[in-house]
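Single-structure report; data block below.
What you see is a predicted model; the values in this text were computed from it and never measured. Just so we're on the same page: letters track the sequence lines, and every chain starts at 1.
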Amino acid sequence: MKHGVLTLVRLKRRADFLRVARTGRRYAAPGLVLQVAPKAAPGLSCQVEEVEATLGIGFTVSKKVGNAVARNRAKRRLRAVVADVMPGQAAASRDFVLIGRKATLRRSFADLKQDLLKALRQTKSLAAADARAAS
RNA sequence: CCAGACGGCUGGACGGUCGCCGCCAUCUUUUGAUGGGGGAGGAAAGUCCGGGCUCCACGAAAAAGCGGUGCCGGGUAACGCCCGGCGGGGGUGACCCCAGGGAAAGUGCCACAGAAAGCAAACCGCCUCGUUUCGGGGAUUUCGAUCUUCGCACGGGGUAAGGGUGAAAGGGUGCGGUAAGAGCGCACCGCGCGGCUGGUAACAGUCGCGGCACGGUAAACCCCACCGGGAGCAAAACCGAAUAGGGAUGGCGUGUUUGCGUGGCGCUUCGGUGCCGCGGAACAGGCGUGUUCGCGCUGCCAUCCGGGUAGGUUGCACGAGGCGUUCGGCAACGGACGCCCUAGAUGAAUGACCGUCUAUCGCCGCUAAAUAUGGGCCGUGGCGUGGACAGAACCCGGCUUACAGGCCGUCUGGCGCC
RNA sequence: CGGGGAGUGGCGCAGCCAGGUAGCGCAUCUGCUUUGGGAGCAGAGGGUCGGAGGUUCGAAUCCUCUCUCCCCGA
């Protein structure tokens, strides 16, 4: 089975964010901050085979970035970058949390993409090397 | 043309690729797929008022307390909002600003300065009268003194014109009047009271009288009038997993004791008492933990019930709704008729990226006019820059605050031309 | 959604309710003292009282609007 497109699941509970921040790895790029943690033990709501094909993703933008318009815009740009990069190049069965910074608003989209790839590499969360070699 | 006042509107456009959240239709077991259509604002903001809605409390309310509002009339579901007037203030003007009830109901305060800051008097000063052991001048003189006048001092009386101040000093200005003065008298202005006229009213005008008494501060306490029960969609209603705990029923299992409750049997002098069972309690025992003291649990299994957590659904978008025409009204607004349905998220959608154009700004040129030159304005070309404030969170009516730039209308002042 | 508090010299705070002088401690500077430093003594400088408007003769203080920060409850 080739490395297919992963399904993104949004993290929505405060407990998930706290768990990722407490237990995971962390890398700060100029345009964003990435936190990674292994996926939580599957509950009854999600099955094991679903865990293998999904990855959780959550966004955090604090009040320091700006007003509501700036915070929403930062989250939208991060979401666009994630939709572009993560399904093909991120390792599965992990939870990611992206934190927006002030530079997220002004950084160019290509640089933002490079920031995310570098953060994935630094946190050893890229997809398996054979998958990259096969492509 | 320049400067300004007021009111209203707008808040980048088009295209491409990839996405997000509801709705409708069809297919589909759930899931999902396809197609269609919709998807932020004038302030969505701040949360300063007024309501709807929901729950709670309450016999209806009233009073007290607390909070708020405060010229008059109108609009409105209501308002602290809006409209139109009145009064005061500012501006040459268009126009703008004002918490704008009551200070003879009471209390408080008015620093410094000043004689005095609130009951009006005291003080300095002014005027007048008197007295004397005072001093100067004049007159008379029997040279002892006497009379008179001025000044000082003291005492009595009359005054409030004046008294460096101060934000504010017991009406102001002028004339008369007086020993000196004073609303003491008069004229005008101000103030107060009463009448008349106009106006729904606030108020304005006018006439007469009073003769000045009544300082300011209520965004100081307060008084008067009016309004307000409390909380908020995380309100509230419904469904409801797992775990723990509660209750009921059944089965299995459980040592001792009982100043407890209860049932059965026996005795009874009918007050009780003996035995047995059940429940409760205590202890023992058991299990877990711990170095000790100690601490925690004490039934197990099955079925059912109720409360209720996470979570979910509803509340939730047809409403004091919008648009147009017309009628009434100066207007706010209201009536009638017609048309329309117009976001519904919940770690929170309504976008990300790219291209072209365009508003704006900067730089470099060109043309025309003018000029001694330079610079600026207008038009035009190229390059670069590049979209203000800001994101619905139950809904509505207001207020306040933020806002690049652009557009429209009405009006005012000034300059020039006809 | 609801409630509360704070903003005053470089720092930490009084003063506000009952309006007229902005004060205290630490810090800074100068001088004395000491061999020198510290401590002590004497003196000095330094504040648009977060911002705007209003009430008042007069506002840090009273009223309205606004900005920033902090805390609490559901």
Side-chain angles (χ1 to χ4, degrees):
Chain A
M1 172 178 176
K2 67 188 276 189
H3 188 270
V5 172
L6 295 171
T7 307
L8 296 177
V9 175
R10 285 291 291 276
L11 301 180
K12 291 186 177 183
R13 294 168 185 270
R14 177 173 166 80
D16 292 332
F17 285 83
L18 293 177
R19 179 178 53 78
V20 172
R22 193 176 59 247
T23 68
R25 304 175 68 92
R26 170 190 177 91
Y27 179 75
L32 50 88
V33 177
L34 178 71
Q35 294 175 331
V36 188
K39 205 151 183 63
L44 293 181
S45 57
C46 58
Q47 301 300 320
V48 177
E49 56 268 23
E50 290 180 359
V51 169
E52 293 299 323
T54 63
L55 55 89
I57 179 71
F59 302 95
T60 294
V61 179
S62 82
K63 209 196 271 182
K64 281 194 288 186
V65 172
N67 57 17
V69 176
R71 295 199 301 270
N72 284 340
R73 180 173 167 82
K75 274 192 267 191
R76 285 165 184 155
R77 295 197 78 191
L78 289 178
R79 246 167 42 209
V81 171
V82 163
D84 220 16
V85 172
M86 300 281 275
Q89 307 197 45
S93 65
R94 298 185 186 202
D95 282 337
F96 298 90
V97 169
L98 280 174
I99 302 174
R101 322 178 70 174
K102 277 182 186 170
T104 308
L105 299 173
R106 304 192 58 86
R107 202 160 172 79
S108 77
F109 195 71
D111 288 343
L112 213 53
K113 240 194 270 188
Q114 291 306 312
D115 284 344
L116 179 58
L117 285 172
K118 186 174 182 186
L120 286 174
R121 192 157 50 241
Q122 290 290 325
T123 54
K124 299 180 171 51
S125 300
L126 274 178
D130 52 350
R132 285 211 296 167
S135 64

Under the rule for side-chain contact (heavy atoms from CB on, under 4.5 Å), what residues qualify as partners of Arg71(A), not counting sequence neighbours? Val61(A), Lys63(A), Ala68(A)
Could you tell me how far C109(B) sits from A59(C) if I compare only their C1' atoms? Round to whole Å. 16 Å
Without swapping roles, check the side chain of Asp115(A) against the backbone of Ala29(A) for a donor-acceptor pair under 3.5 Å. no
Span that lies between the P atom of G45(C) and that of G3(C), in whole angstrom: 48 Å
Partner nucleotide of C134(B) by Watson-Crick or wobble geometry (both distances under 3.5 Å): G151(B)
Atom-to-atom span, CG of Leu105(A) to P of G391(B) - whole angstrom: 14 Å
Paired to G58(C) by Watson-Crick or G-U wobble criteria (both distances under 3.5 Å) is none
Ile57(A) CD1 to C20(B) C1', straight-line distance once rounded to whole Å: 16 Å
Using nucleotides 345-352 of chain B, report all nitrogen or oxygen pairs with the protein that are shorter than 3.5 Å.
{"unit_1": "G347(B)", "atom_1": "O3'", "unit_2": "Arg10(A)", "atom_2": "NH2", "d": "3.4"}
{"unit_1": "G347(B)", "atom_1": "O2'", "unit_2": "Leu11(A)", "atom_2": "O", "d": "2.9"}
{"unit_1": "G347(B)", "atom_1": "N7", "unit_2": "Lys12(A)", "atom_2": "O", "d": "3.2"}
{"unit_1": "G347(B)", "atom_1": "N2", "unit_2": "Phe59(A)", "atom_2": "O", "d": "2.9"}
{"unit_1": "G347(B)", "atom_1": "N2", "unit_2": "Thr60(A)", "atom_2": "OG1", "d": "2.7"}
{"unit_1": "A348(B)", "atom_1": "OP1", "unit_2": "Arg10(A)", "atom_2": "NH2", "d": "2.9"}
{"unit_1": "A348(B)", "atom_1": "OP2", "unit_2": "Arg10(A)", "atom_2": "NH1", "d": "3.4"}
{"unit_1": "A348(B)", "atom_1": "OP2", "unit_2": "Arg10(A)", "atom_2": "NH2", "d": "2.1"}
{"unit_1": "U350(B)", "atom_1": "OP1", "unit_2": "Arg79(A)", "atom_2": "NH2", "d": "3.3"}
{"unit_1": "U350(B)", "atom_1": "OP2", "unit_2": "Arg76(A)", "atom_2": "NE", "d": "2.8"}
{"unit_1": "U350(B)", "atom_1": "OP2", "unit_2": "Arg76(A)", "atom_2": "NH2", "d": "3.1"}
{"unit_1": "A352(B)", "atom_1": "OP1", "unit_2": "Arg73(A)", "atom_2": "NH1", "d": "2.7"}

Which whole-number value in Å describes the distance from Lys113(A) NZ to C18(B) C1'? 11 Å
Kindly check if the number of other-residue, nucleotide or ligand heavy atoms within 6.0 Å of CZ (Arg101(A)) is above 12? yes
Considering Watson-Crick and G-U wobble pairs with both distances under 3.5 Å, what does C109(B) pair with? G216(B)
Lys75(A): what forms a salt bridge (Lys or Arg N to Asp or Glu O under 4.0 Å) with it, not counting sequence neighbours? none
Could you identify the nucleotide paired to C295(B), looking across every strand shown and requiring Watson-Crick or G-U wobble geometry with both distances under 3.5 Å? G288(B)
Do Arg77(A) side-chain atoms and Arg107(A) backbone N/O form a donor-acceptor pair below 3.5 Å? yes
